[in-house]
**Student:** 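I'd like to ask some things about the structure below.
Counting from 1, the numbers follow the sequence of the chain as shown. First listed ligand is number 1; within each ligand, the first listed atom is number 1. Predicted model only: the values in this text are computed from it and were never measured.
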Amino acid sequence: MRHQVCIIGGGPSGLLLALLLHRAGVDAVVLERRSRDYVLSRIRAGVLEQGLCDILRKAGVGARLDAEGFVHDGTLLVAHGRRLRVDFQETTGKTVTIYGQTEVTRDLYAELDRIGAKVIHEAEEVAIQDADTEAPYVLFTLNGEEKRVDCDYVAGCDGFHGVSRRTIPERLRQQFEHVYPFGWLGILSRTRPLQDELVYAGHERGFALCSMRNARLSRHYLQVPLTDTVEEWTDEAFWAELRRRLPPDLAEVLEIGPSIEKSIAPLRSFISEPMSWGRLFLAGDASHIVPPTGAKGLNLAASDVWYLSQALIARYAGEESLLRDYSAKALARVWKASRFSWAMTRLLHSFPAEGPFLARMQAAELEHLADSHAAQTSLAENYVGLPY
Ligand code: RFL
Ligand code: PHB
């Protein structure tokens, strides 16, 4: 088969790119390794920047987001005996929206189905060939049968463990990585969110986050050692530990209930440069990972996809310079969001191996944040998303 663009990976990056291209009359196919049910069972991001919401609306998939998403004007930070509400609306004039990545993905699938775009699931052994030539192609197997897609361009949207990044020869790739000595244990429960906004809690026993998906669905996280397993964490142990890490008045009103999902994710910062090679272009987690503390992963995937979609659309209108500049342009925003995610992680987690110096630095930084409108504005500006 032949398509103008072959997109590897049907997560949010790949699906959004496919939709933006189809809207502009560029023909794209998506090859996804998993089943649709599997993709829709992954519980991930929940905080959408205004930039991502605007893209979803432009792509024609904003209706449910606008009807069901929760607009948040600020967030609460509690740590080192301080309680600080950062007001996004007042400091930046912007907000974020709580709407699960699963729902974004569901909306994208529904619209791609409606317009008849091709998303091939359970595509195995995907291999990108001749990406550094004028005629790239992609091989894969489907139900044991070998298939081939000939295309003009390949978009690598297949996440951290995908094949796209590794298709770029190692000698041409520079990788930057920082692994944190802990993970996040997350649970989803049919309980009332702790309060109307997210609560980021720093505690000497470790970080905790109280988030949500809707008025009856909570998403909470605990910092845990990398050696912990999900099986070791009963629901009772999770709730007891979360309560310990919250200020008493919040712990008291925390509604608890059985978990309906529980998982542990390691935290890392990772960036691979460049984000393109010949006619292969990477977007989203395929090229970079941020720790979830700043809620930036999905949002960065969206800014990559926006730049890439505009570059490919321009290319089919006869203008090639945007594609040439794609990697540099995307990386500039990636590094800034990675810096923010790293700084939020350093500020709020416990790093016992680093001794008391870091803990005092965290306390000083929170004190500065509490005293300085400029510092709050800077945090808010990054949290709601840098412009693109
Ligand atoms: P994905 O979502 O990993 O999708 C990649 C897709 O590619 C498929 N694939 C392949 N397909 C074909 N052939 C292959 N060889 C393939 N290999 C893989 C996979 O099956 C998959 O469907 O990457 P994408 O699209 O770039 O999207 C990135 C986001 O998913 C990710 O950045 C966010 O979820 C990160 N993240 C958060 N981001 C935010 O912006 N805000 C948040 O609040 C937030 N919270 C989170 C998060 C990630 C978390 N985890 C579990 C990593 C919270 C958590 C706990
Ligand atoms: C989430 O709701 O899953 C979530 C929210 C904020 C974060 C990370 C994850 O910083």
Side-chain angles (χ1 to χ4, degrees), residues 6-18 30-36 38-49 51-52 70 72 75 96-102 104-105 108 119-128 138-142 155-167 183-188 193 197-200 207 209-214 217-221 261-268 270 282-305 334 337 340-341 344-345 348 383 385:
C6 182
I7 299 173
I8 318 295
S13 299
L15 299 175
L16 181 59
L17 180 63
V30 178
L31 305 181
E32 164 59 46
R33 187 173 56 165
R34 303 287 193 170
S35 68
R36 182 179 292 210
Y38 184 93
V39 173
L40 287 173
S41 70
R42 291 190 294 227
I43 312 292
R44 289 188 170 177
V47 178
L48 312 193
E49 294 174 358
L52 171 51
F70 284 178
H72 282 194
T75 192
V96 294
T97 301
I98 304 301
Y99 190 68
Q101 176 169 331
T102 316
V104 173
T105 309
L108 288 167
V119 181
I120 299 176
H121 283 279
E122 298 179 55
E124 294 175 337
E125 298 170 56
V126 168
I128 302 165
V138 177
L139 298 175
F140 65 102
T141 58
L142 190 65
C157 300
D158 48 355
F160 183 66
H161 300 287
V163 294
S164 300
R165 184 180 64 256
R166 284 177 262 269
T167 301
W184 275 20
L185 166 67
I187 70 161
L188 192 67
E197 294 175 346
L198 269 56
V199 179
Y200 287 85
F207 169 77
L209 169 63
C210 295
S211 181
M212 64 196 75
R213 289 294 175 273
N214 61 47
L217 200 55
S218 293
R219 180 74 167 153
H220 299 308
Y221 298 96
E261 196 265 358
K262 197 184 282 167
S263 52
I264 295 183
L267 265 65
R268 77 170 83 223
F270 172 86
L282 305 181
D285 281 15
S287 145
H288 41 76
I289 297 287
V290 287
T293 326
K296 288 286 157 255
L298 174 63
N299 293 298
L300 268 187
S303 56
D304 289 353
V305 163
V334 165
F340 174 67
S341 305
M344 280 280 279
T345 305
L348 294 168
Y383 196 91

**Student:** Give me the residue, atom name and distance of the protein heavy atom closest to atom 37 (C) of ligand 1.
**Tutor:** Ala45 CB, 3.2 Å
**Student:** So does Arg42 get a backbone contact from the side chain of Thr102, meaning a donor-acceptor N/O pair under 3.5 Å?
**Tutor:** yes
**Student:** So which bit of Thr293 gets within less than 4.0 Å of ligand 2, heavy atoms only: side chain, backbone, both or neither?
**Tutor:** backbone
**Student:** For atom 8 (C) of ligand 1, tell me which residue out of Lys296, Arg33, Glu32 has the closest non-hydrogen atom.
**Tutor:** Glu32
**Student:** What pair of heavy atoms forms the shortest contact from Leu188 to Arg213, and how long is it?
**Tutor:** CD1-CG, 4.1 Å
**Student:** Do Trp184 and Thr293 come within less than 4.5 Å of each other through their side chains, counting heavy atoms only?
**Tutor:** yes
**Student:** Considering only protein heavy atoms, which is closest to atom 48 (C) of ligand 1, and at what distance to one decimal place?
**Tutor:** Arg44 CB, 4.3 Å
**Student:** By number and element, which atoms of ligand 1 are closer than 4.0 Å to a non-hydrogen atom of Val47?
**Tutor:** 41 (N), 43 (O)
**Student:** What residue and atom, counting heavy atoms only, is the protein's closest point to atom 38 (N) of ligand 1, and at what distance?
**Tutor:** Leu298 N, 2.9 Å
**Student:** Counting heavy atoms only, which of Gly183, Gly284, Ser13 comes nearest to atom 24 (P) of ligand 1?
**Tutor:** Ser13
**Student:** Looking at side-chain heavy atoms only, is the closest gap between Cys6 and Leu31 below 4.5 Å?
**Tutor:** yes
**Student:** Under a 4.0 Å heavy-atom limit, does Val126 contact ligand 1 with its side chain, its backbone, both, or neither?
**Tutor:** side chain
**Student:** Hey, does the side chain of Glu32 reach the backbone of Arg34 with a donor-acceptor pair shorter than 3.5 angstrom?
**Tutor:** yes
**Student:** Roughly how far apart are Asn214 CG and Tyr99 OH, rounded to 0.5 Å?
**Tutor:** 11.0 Å
**Student:** Among protein heavy atoms, which lies nearest atom 6 (C) of ligand 2, and at what distance?
**Tutor:** Tyr200 OH, 3.3 Å
**Student:** For Tyr221, which part has a heavy atom under 4.0 Å from ligand 1: side chain, backbone, both, or neither?
**Tutor:** side chain
**Student:** Quick one, Leu298 and Leu52 - any side-chain contact, counting heavy atoms below 4.5 Å?
**Tutor:** yes
**Student:** Nearest 0.5 Å, please: how far is CG in Leu282 from CZ in Arg165?
**Tutor:** 8.0 Å
**Student:** To which protein heavy atom is atom 27 (O) of ligand 1 closest, and what is the distance rounded to 0.1 Å?
**Tutor:** Pro12 CG, 3.5 Å
**Student:** What residue and atom, counting heavy atoms only, is the protein's closest point to atom 35 (C) of ligand 1, and at what distance?
**Tutor:** Gly297 CA, 3.8 Å
**Student:** Mind checking whether Ala295 contacts ligand 2 via backbone (N, CA, C, O), side chain (CB onward), both or neither, at a 4.0 Å heavy-atom cut-off?
**Tutor:** both
**Student:** Taking C-beta and beyond as the side chain, do Leu198 and Met212 meet within less than 4.5 Å on heavy atoms?
**Tutor:** yes
**Student:** Does Ile120 reach the side chain of Phe140, with side-chain heavy atoms less than 4.5 Å apart?
**Tutor:** yes
**Student:** Identify the closest protein heavy atom to atom 4 (O) of ligand 1: which residue and atom is it, and at what distance?
**Tutor:** Gly11 CA, 3.5 Å
**Student:** Report the part of Arg42 in contact with ligand 1, treating N, CA, C, O as backbone and CB onward as side chain, heavy atoms under 4.0 Å; options are side chain, backbone, both, neither.
**Tutor:** side chain
**Student:** Please list, in number order, the atoms of ligand 2 under 4.0 Å from a heavy atom of Trp184.
**Tutor:** 8 (C)
**Student:** Looking at Val47, which atoms of ligand 2 are within less than 4.0 Å of one of its heavy atoms?
**Tutor:** 5 (C), 6 (C)
**Student:** Could you pull out the closest heavy-atom pair between Tyr383 and Ala295, with the gap in Å?
**Tutor:** OH-CB, 4.1 Å
**Student:** Return the set of residues passing salt bridge (charged side-chain N to carboxylate O under 4.0 Å, His left out) with Arg219 (not counting sequence neighbours), or none when no residue passes.
**Tutor:** Glu261
**Student:** With heavy atoms only and a cut-off of under 4.0 Å, state how Arg213 meets ligand 2: side chain, backbone, both or neither.
**Tutor:** side chain
**Student:** From Thr141 OG1 over to Glu124 CD, what is the distance, rounded to the nearest 0.5 angstrom?
**Tutor:** 5.0 Å
**Student:** Below 3.5 angstrom, do we get any N/O pair linking Ser211 and ligand 2?
**Tutor:** yes
**Student:** What closest approach, in Å, do Val30 and Ala18 show between heavy atoms, and which atom pair accounts for it?
**Tutor:** CG2-CB, 3.6 Å
**Student:** Heavy-atom contact under 4.0 Å between Met344 and ligand 2?
**Tutor:** no
**Student:** Starting from atom 4 (C) of ligand 2, find the nearest protein heavy-atom neighbour and note its residue, name and distance.
**Tutor:** Tyr221 CE1, 3.9 Å
**Student:** Using a 4.0 Å heavy-atom cut-off, say whether Leu31 meets ligand 1 through its side chain, its backbone, both or neither.
**Tutor:** backbone
**Student:** Can you name the atoms of ligand 1, numbered from 1 with element, that are less than 4.0 Å from a heavy atom of Gln101?
**Tutor:** 2 (O), 29 (C), 30 (O), 33 (C), 34 (O)
**Student:** Taking only heavy atoms of Gly162 into account, list the atoms of ligand 1 that are under 4.0 Å away from them.
**Tutor:** 17 (N)
**Student:** Closer than 4.0 Å to some heavy atom of Ala295 - which atoms of ligand 1 meet that?
**Tutor:** 39 (C), 40 (O), 41 (N), 42 (C), 43 (O)
**Student:** For atom 18 (C) of ligand 1, grab the closest protein heavy atom and report residue, atom and distance to one decimal in Å.
**Tutor:** Asp158 O, 3.1 Å
**Student:** Once rounded to the nearest 0.5 Å, what's the spacing between atom CG of Leu300 and atom OG of Ser341?
**Tutor:** 7.0 Å
**Student:** What's the spacing between Ser287 OG and Asp304 CG if we round to 0.5 Å?
**Tutor:** 6.5 Å
**Student:** Suppose I only count heavy atoms of Arg34 and a 4.0 Å limit; which atoms of ligand 1 are within that range?
**Tutor:** 20 (O)
**Student:** Under 3.5 Å between some N or O of ligand 1 and some N or O of Ile8?
**Tutor:** no
**Student:** Enumerate the atoms of ligand 2 whose separation from the nearest heavy atom of Arg44 is less than 4.0 angstrom.
**Tutor:** 3 (O)
**Student:** Under 4.0 Å, heavy atoms only, figure out whether ligand 1 is touched by the backbone of Cys157, its side chain, both or neither.
**Tutor:** backbone
**Student:** For Thr97, does its backbone N or O pair with a side-chain atom of His72 as donor and acceptor, under 3.5 Å?
**Tutor:** no
**Student:** What is the nearest protein non-hydrogen atom to atom 31 (C) of ligand 1, stated with its residue, atom name and distance?
**Tutor:** Asp285 OD2, 3.3 Å
**Student:** How long is the span from the NE2 atom in His121 to the CZ atom in Arg36, to the nearest 0.5 Å?
**Tutor:** 4.5 Å
**Student:** Relative to the heavy atoms of Gly46, which atoms of ligand 1 are at a distance of less than 4.0 Å?
**Tutor:** 42 (C), 43 (O)
**Student:** Using the test side chain to side chain donor-acceptor pair (under 3.5 Å), find all partners of Asp158 that sit at least two apart in sequence or belong to another chain.
**Tutor:** Ser164
**Student:** Polar contacts were defined as any N/O atom of the residue lying under 3.5 Å from an N/O atom of the ligand; does this apply to Pro292 and ligand 2?
**Tutor:** yes
**Student:** For the pair Phe270 and Phe160, name the ring-plane relationship: parallel under 30°, tilted 30 to 60°, perpendicular over 60°.
**Tutor:** perpendicular
**Student:** Which ligand 1 atoms, with their elements, are less than 4.0 angstrom from a heavy-atom of Asn299?
**Tutor:** 40 (O)
**Student:** Regarding atom 23 (O) of ligand 1: of the candidates Ala337, Gly159, Ala127, which has the closest heavy atom?
**Tutor:** Gly159
**Student:** Give a yes/no verdict on whether any heavy atom in His161 is under 4.0 Å from an atom of ligand 1.
**Tutor:** no
